[in-house]
Amino acid sequence: MTDAPPLPDAPRTPGTSGAPLRAELLLDQVVTDALGDDLVAALAGLGVRTARVRRAVGHRGAGDVPWLVLAALPLQAFLSGLGAEAVRDAYGAFKAAVGRLARRDGAAAAPPRPLVLRDDRTGLSVVLEPDLPAEAYERLVGLDLTAFRVGPLHYDRQQSRWRSELDEAAG
């Protein structure tokens, strides 16, 4: 798998002055090229014009989320674009790609690992666990990331909201 070429007809995301989004994808070694390509295509449908794709090497620290795919991009602009009516089908393709990644990873003995979206400016992370309900994605679209200082953000199913336990502990 190589870097995805720029997609000239990718939609522009609202709130970014018309500039197309760019993303850095870091894939775990177990992610197949085909699944990585599916994710790149799904992101392209959501306004990510160029995706640089690399493979993870080495070990992560003990405090890191054990992710399957780490996507670094302008997160607030990306989430704002998800809310546009014009990208509803592309949003479905993105959610399906996350599900395919989880099913592929779940075939191994270890529990499935999430896709992590990380804001390339602030470092704030959002963890997309494999079995998130539709309401989690709906709430993510309207989420104001400036309300959080520290991540990662996880979806709390009991409270039906995105939260950062570290923010709550610090506050």
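Atoms considered below: every heavy atom in the structure, side chains included; atoms not considered: hydrogens, waters and symmetry mates.
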How close do G151 and S164 get, heavy atom to heavy atom, and via which atoms?
-> CA-OG, 3.9 Å
Could you give me the CA-CA distance, side-chain angles and deciding distance for R22 and R52, then say whether side-chain contact (heavy atoms from CB on, under 4.5 Å) is met?
-> CA-CA 8 Å; R22 299 182 190 284; R52 181 173 177 224; over 6 Å; no
Minimal heavy-atom distance between S125 and V116, with the atoms involved, is CB-CG1, 3.8 Å
Mind checking what makes side-chain contact (heavy atoms from CB on, under 4.5 Å) contact with R139, not counting sequence neighbours?
-> E135, Y155, S160, W162
For residues A23 and V48, report the shortest heavy-atom separation together with the two atoms involved.
-> CB-CG1, 3.7 Å
Answer yes or no: is there a donor N or O on one side and an acceptor on the other, between the side chain of E129 and the main chain of H154, under 3.5 Å?
-> no
Using a cut-off of 6.0 Å, state whether more than 12 heavy atoms not belonging to R157 lie near its atom CZ.
-> yes
Any chain of hydrophobic side-chain contacts (each under 4.5 Å) joining L143 to L115?
-> yes
State which residues pass salt bridge (Lys or Arg N to Asp or Glu O under 4.0 Å) with D119; sequence neighbours excluded, sorted by chain then number.
-> none
Quick one: CZ on R149 to OG1 on T122, what's the gap to the nearest 0.5 Å?
-> 11.0 Å
Which atoms form the tightest heavy-atom contact between V127 and L132, and what is the distance?
-> O-CD1, 4.3 Å
Heavy-atom closest contact (L128 atom, L117 atom, distance) = CD1-CD1, 3.9 Å
Exam field: side chain Q29 to backbone A56, donor-acceptor pair closer than 3.5 Å | yes
Any chance you could measure L166, atom CG, to F148, atom CZ, to the nearest 0.5 Å?
-> 12.0 Å
Any side-chain heavy atom of L27 sitting closer than 4.5 Å to one from V69?
-> yes
Residues forming a side chain to side chain donor-acceptor pair (under 3.5 Å) with E165, sequence neighbours excluded | none
Gap separating the CG atom of L43 from the CG atom of L25, nearest 0.5 angstrom = 6.0 Å
Set of residues satisfying side-chain contact (heavy atoms from CB on, under 4.5 Å) with respect to R161, sequence neighbours excluded | Q159, R163, E168
Are Y137 and L124 co-members of a hydrophobic cluster defined by side-chain heavy atoms under 4.5 Å apart?
-> yes
Could you state the interatomic distance from CG (D37) to OG1 (T32), rounded to the nearest 0.5 Å?
-> 8.0 Å
Take V40 and D38, measure what side-chain contact (heavy atoms from CB on, under 4.5 Å) needs, and give me the verdict at the end.
-> CA-CA 5 Å; V40 168; D38 284 351; over 6 Å; no
How long is the gap from CG on L26 to CZ on R118, to the nearest 0.5 Å?
-> 9.5 Å
How far does CG of D167 sit from CG of L153, to the nearest 0.5 angstrom?
-> 7.5 Å
Would you sort out whether V31 and R55 count as a side-chain contact (heavy atoms from CB on, under 4.5 Å), showing the intermediate values?
-> CA-CA 9 Å; V31 177; R55 292 282 175 179; 3.9 Å; yes
Could you list the residues that satisfy salt bridge (Lys or Arg N to Asp or Glu O under 4.0 Å) with R121, not counting sequence neighbours?
-> none
